[in-house]
Amino acid sequence: MSASIEIAGVSKIYDGGVRAVDTIEIDIRQGEFFSLLGPSGCGKTTTLRIIAGFESPSDGAIRIDGADITHVPAHKRDMGMVFQNYALFPHRTVAENVAFGLRMRGIDKQAIAAKVKAALAMVELSGLEDRRPAQLSGGQQQRVALARAIVIEPRVLLCDEPLGALDKKLRQQMQFELKQLQKTLGLTLVFVTHDQEEALAMSDRIAVMNCGRVEQIGTPVEIYDQPLTRFVADFIGDTNIFRGERVTSDAGPALAAGHGLFLALPASAAGTSLLSVALRPEKISLSSGDTETAAAASGARGTIESTNFLGGAVLYRIALDSGHRVLAQQPNAGAVFVPGRTVKLDWKAADLVVLKD
């Protein structure tokens, strides 16, 4: 049975007044894959360590299924932990590493052997019981660390950047396997990462953190398509951010971004007279801009400055006639606009997201 986690008004202030975590409120649902995402130093690992019991909060409480565990020792919290550096015992075999937590709990040898065998089968390491960590690849070592964490049958699994040391292809494979294993076991999993793509690919919900605070909590789709703040919009993938004055015309509300650039706003857009809006590069379509027709309020003209071939797509850096610079991403359909080419940019007003300042 997995558990729900409540992080209630938690702060962590270190000696010297350094506030690593600043009054955060997060409710993690039972059986959820929940990610703490943010840049280095944002407080995500400190938050995870507070959940684990390795750190004590300066204020606030941690509750599991409603029970306050703020002052319960780490070894009594019924949680498994996977670290970025694996933290395996180099002098012990794979089986001995996986069995460590069970032995600490006083489980009898026969039961330990059966549980270790089952855990290694889950992570596809059957037959490697007698090897030592130095004889394994990075991916295999990570699987051992994962098996060691799940063999104790925890209600909560905590992962601190567990895939950070793997190459891209293996990392993607392990993302899939970890997600599948979490769903199969029904674990509540809290995952710390600074990798936006990783969080978007694996999570049921994400908390984006910045300077010790939670900027936004939501599903991957909500976080990506409807960022609440400039930080979230800028941190999650590529984006174009415009700031200007809200104006009203016969066609409806628009953003006057300066130098003659007007962006039609969604009819539902609200806010003060000064606004910031985000527009994802893939929401922009490009076409030949050789004609001198004026750009509509939902588009603009510009010149290709550079291209970045991404395989399945092409990312363009474009200098608009207004002087603004934007990114536009197009599917790789064979034809590529070359630097120096004039293009017409179009987008839907509904794709503009108004940000909180």
Side-chain angles (χ1 to χ4, degrees), residues 1-5 30-34 48-49 51-54 64-65 67 69 72-167 170-192 202:
M1 180 70 72
S2 57
S4 62
I5 305 170
Q30 180 179 328
E32 185 173 38
F33 194 119
F34 191 95
L48 192 78
R49 291 178 60 83
I51 296 172
F54 300 147
I64 301 294
D65 285 343
I69 64 162
V72 174
H75 67 279
K76 294 184 178 181
R77 294 196 179 193
D78 194 17
M79 297 180 181
M81 187 87 180
V82 182
F83 301 93
Q84 180 178 3
N85 62 357
Y86 316 137
L88 301 177
F89 299 113
H91 59 288
R92 297 181 186 271
T93 66
V94 166
E96 290 169 341
N97 268 282
V98 176
F100 180 78
L102 296 173
R103 291 196 299 106
M104 292 298 98
R105 286 163 172 78
I107 308 296
D108 67 79
K109 291 184 178 180
Q110 188 172 357
I112 287 177
K115 288 178 179 291
V116 168
K117 182 178 180 180
L120 289 175
M122 284 184 188
V123 298
E124 300 181 358
L125 287 180
S126 297
L128 301 183
E129 291 86 351
D130 294 329
R131 293 193 185 182
R132 299 187 186 278
Q135 298 172 299
L136 304 176
S137 67
Q140 289 172 328
Q141 291 182 49
Q142 189 55 269
R143 286 188 174 91
V144 175
L146 183 57
R148 182 179 59 186
I150 64 175
V151 75
I152 62 173
E153 299 177 5
R155 301 172 70 195
V156 174
L157 181 60
L158 307 176
C159 297
D160 187 8
E161 306 236 23
L163 310 181
L166 306 180
D167 63 63
L170 181 56
R171 185 171 187 160
Q172 290 176 333
Q173 178 184 343
M174 286 297 297
Q175 287 172 6
F176 176 79
E177 292 180 6
L178 180 56
K179 177 73 171 178
Q180 289 294 105
L181 184 62
Q182 181 259 338
K183 291 302 180 187
T184 298
L185 298 177
L187 291 169
T188 302
L189 193 152
V190 185
F191 188 89
V192 162
M202 301 178 70

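Quick caveat, the model's predicted, so the values are computed rather than measured.
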Once you round to the nearest 0.5 Å, how far does [atom1] of [X] lie from [atom2] of [Y]?
{"X": "Asp65", "Y": "Ile5", "atom1": "CG", "atom2": "CD1", "value": "9.0 Å"}
{"X": "Glu161", "Y": "Phe83", "atom1": "CD", "atom2": "CZ", "value": "13.0 Å"}
{"X": "Ile69", "Y": "Lys76", "atom1": "CD1", "atom2": "NZ", "value": "13.0 Å"}
{"X": "Glu177", "Y": "Thr184", "atom1": "CD", "atom2": "OG1", "value": "11.5 Å"}
{"X": "Gln142", "Y": "Asn85", "atom1": "CD", "atom2": "CG", "value": "9.5 Å"}
{"X": "Phe34", "Y": "Leu158", "atom1": "CZ", "atom2": "CG", "value": "12.5 Å"}

Taking all non-hydrogen atoms of both residues, which atom of [X] and which atom of [Y] are closest, and how far apart?
{"X": "Ala74", "Y": "Ala52", "value": "CB-O, 3.3 Å"}
{"X": "Ser2", "Y": "Gly31", "value": "OG-N, 3.2 Å"}
{"X": "Ile112", "Y": "Ala99", "value": "CG2-CB, 3.6 Å"}
{"X": "Pro162", "Y": "Val82", "value": "CB-CG1, 3.8 Å"}
{"X": "Arg131", "Y": "Gln135", "value": "CA-OE1, 3.4 Å"}
{"X": "Ile64", "Y": "Ala3", "value": "CG2-CB, 3.5 Å"}

If only atom types and distance count, is the side chain of [X] paired as donor or acceptor with the main-chain N or O of [Y] below 3.5 Å?
{"X": "Arg143", "Y": "Glu124", "result": "no"}
{"X": "Arg155", "Y": "Asp78", "result": "no"}
{"X": "Gln182", "Y": "Leu187", "result": "yes"}
{"X": "Arg132", "Y": "His91", "result": "yes"}
{"X": "Asn97", "Y": "Ala145", "result": "no"}

List in chain and number order the residues that pass ring-ring contact (aromatic ring centres under 6.0 Å, His included) with Phe89, two or more places apart in sequence or in another chain; answer none if no residue qualifies.
Phe100
Output all residues satisfying salt bridge (Lys or Arg N to Asp or Glu O under 4.0 Å) with Lys183, sequence neighbours left out; order by chain, then residue number.
Asp204
Just jot down the salt bridge (Lys or Arg N to Asp or Glu O under 4.0 Å) partners of Glu153, sequence neighbours excluded, or say none.
Lys115
Is any side-chain heavy atom of Asp160 closer than 4.5 Å to one of Met81?
yes
By the definition side chain to side chain contact (heavy atoms under 4.5 Å, CB included), identify the one residue from [options] that meets it with [X].
{"X": "Val98", "options": "Ile152, Val144, Leu146", "answer": "Val144"}
{"X": "Val94", "options": "Leu88, Asp130, Val116, Leu136", "answer": "Leu136"}
{"X": "Met79", "options": "Val156, Thr188, Leu157, Val190", "answer": "Val156"}

Derivation and outcome, side chain to side chain contact (heavy atoms under 4.5 Å, CB included), residues Leu102 and Val151:
CA-CA 8 Å; Leu102 296 173; Val151 75; 3.6 Å; yes
Indicate the ring-plane relationship of Phe33 and Phe191, choosing parallel, tilted or perpendicular according to the 30° and 60° boundaries.
tilted
Between Glu129 and Thr93, does a side chain to side chain contact (heavy atoms under 4.5 Å, CB included) hold up when you go through it step by step?
CA-CA 7 Å; Glu129 291 86 351; Thr93 66; over 6 Å; no
Whether over 12 other heavy atoms sit under 6.0 Å from Lys179 NZ:
yes
